[in-house]
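Comments concern the structure below.
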Amino acid sequence: MPEGHTIHRLAADLVAVFADRTVRASSPQGRFSDGSAALEGARFIDAQAYGKHLVITFARARRTLLLHVHLGLYGDLAVSSLKPREGPPEPWGQVRLRLVGAGGFADLRGPTACELLDPGQLDALIARLGPDPLRLEDDERRAWQVISRSASPIAVLLMRQDVVAGVGNVYRAEVLFRLGIDPWTPGRELARTMWRRIWRDLVTLMAQGVDVGRIDTVRTKHLPERTGRAPRRDRHGGEVYVYRREAQPCLVCGEPIRRAELAARNLFWCPACQSRPH
DNA sequence: GTGATATGCGGAT
DNA sequence: TCCGCCTATCACT
């Protein structure tokens, strides 16, 4: 499930399985029947991630088709390869879209968005996103334009996709912990150098997330000293310092991790480690 | 079986 | 700031 690293990894998986091949498309659940009919028999060209948005390009009869997928909170895209002459299994659960090619198949479940876009709509989508730490052509400057003028807490700004694209609740909590930043620090009180450090650590953490397929912030070139306590390992599979570790001792100082609701999302932080006066 | 929960986001209030 | 949506999973009864 989906912060930006998941989507970038899925894009790479899709390319590995489908690139330059013809796909069969269906909507076993029936809620994307028109779209799957349009995609049936198209050739897969490319898949790209922009923050948490996945864009798959197809060509059919000299026309370009752009499929936009956003997984939202519970969406899942399962990409699997198939051996030669092996067929895909029967779909299980609510499959919005199934793509089948000679090399494998992909099942999309529970997305917030699954739609065909025209080029103008895709441009508009990308234009409203901030820089993505996982896209090489992006850098932190555009985000700083917003952050340096905002009274909102840095914890809120990091979740805004028009400020930074691809950061979710886990990376937000973890990057602030790793740099010892009080999550309630207003953006405009953050030092320029501190914002650059946040961006650089997001690049490190999220690239690592793409590589290993999970969020693992404790073993990733971490900054704070670790004690002997076991980090949290949950079904996300990774090891984290503070995310969903409410009331458990901080891995660094032992202080209980705190949780608060902020902009309708859970925020986790260590009140002792994260008090840096920016 | 039931209910709570979730890495998200857009639209109404 | 709140609500609704989409779905699977896990801890309960």
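Only this structure's heavy atoms are used, side chains among them; waters, hydrogens and symmetry mates stay out. Quick note on labels: first sequence line is chain A, next is B, and so on, each numbered from 1. Note that the structure is predicted; figures quoted are calculated from it, not measured.
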Item to check | Atom-pair distance (CG on A/Leu77; C1' on B/dG8), nearest Å | outcome: 16 Å
Item to check | Spacing of A/Arg214 atom CZ relative to B/dA6 atom C1', expressed in whole Å | outcome: 20 Å
Checklist outcome for this item: To the nearest angstrom, the CG-C1' distance between A/Leu262 and C/dC2 comes to 15 Å
Item to check | Residue A/His70, side-chain heavy atoms: nucleotide from B/dG10, C/dT7, B/dG8 that is nearest | outcome: B/dG8
Checklist outcome for this item: A/Gln29 has its side chain closest, among B/dG8, C/dT7, C/dA8, to C/dT7
Next on the checklist: Once you apply a heavy-atom cut-off of 4.0 Å, does A/Arg9 come out as touching a base, just sugar-phosphate, or nothing?
Outcome noted: nothing
Checklist entry - Is it true that A/Glu90 and A/Arg98 have a side-chain N and a carboxylate O under 4.0 angstrom from each other? => result no
Item to check | Rounded distance in Å between the C1' positions of C/dA8 and B/dG10 | outcome: 23 Å
Checklist entry - Can you tell which of B/dC9, B/dG8, C/dA8 lies closest to the side chain of A/Gln161? => result B/dC9
Item to check | is_close_aromatic(A/Trp184, A/Trp269), centroid dist under 6.0 Å | outcome: yes
Checklist entry - Which of the following nucleotides, B/dG8, C/dA8, B/dG10, is nearest to the side chain of A/Leu73? => result B/dG8
Item to check | Which nucleotide in B/dG8, B/dG10, C/dT7 has an atom nearest any side-chain atom of A/Thr112 | outcome: B/dG8
Item to check | Among B/dG8, C/dT7, C/dA8, the nucleotide that comes nearest once only the side chain of A/Arg31 is considered | outcome: C/dT7
Checklist entry - What integer distance in Å separates A/Phe32:CZ from C/dC5:P? => result 21 Å
Checklist entry - Rounded to the nearest Å, what distance is computed from the CG atom of residue A/Asn169 to the C1' atom of nucleotide B/dC9? => result 13 Å
Checklist entry - How many Å lie between CG on A/Leu71 and C1' on B/dG8, as a whole number? => result 10 Å
Checklist entry - Picking from B/dG8, B/dA6, C/dT7, which would you name as closest to the side chain of A/Lys52? => result B/dG8
Item to check | Ion pair check, A/Glu246 and A/Arg258, cut-off under 4.0 Å | outcome: no
Checklist entry - Do A/Arg135 and A/Gln48 have side-chain N/O donor and acceptor atoms under 3.5 Å apart? => result yes
Checklist entry - Between C/dA8 and A/Arg96, is there an OP1 or OP2 to side-chain N/O distance shorter than 4.0 Å? => result no
Item to check | Given A/Val156, A/Leu157, A/Val163, the one that forms side chain to side chain contact (heavy atoms under 4.5 Å, CB included) with A/Ser150 | outcome: A/Leu157
Next on the checklist: Distance check needed: B/dA6 P versus A/Leu267 CG, whole Å only.
Outcome noted: 13 Å
Checklist entry - A/Leu125 has an atom CG; how far is it from atom P of B/dC9, in whole Å? => result 11 Å
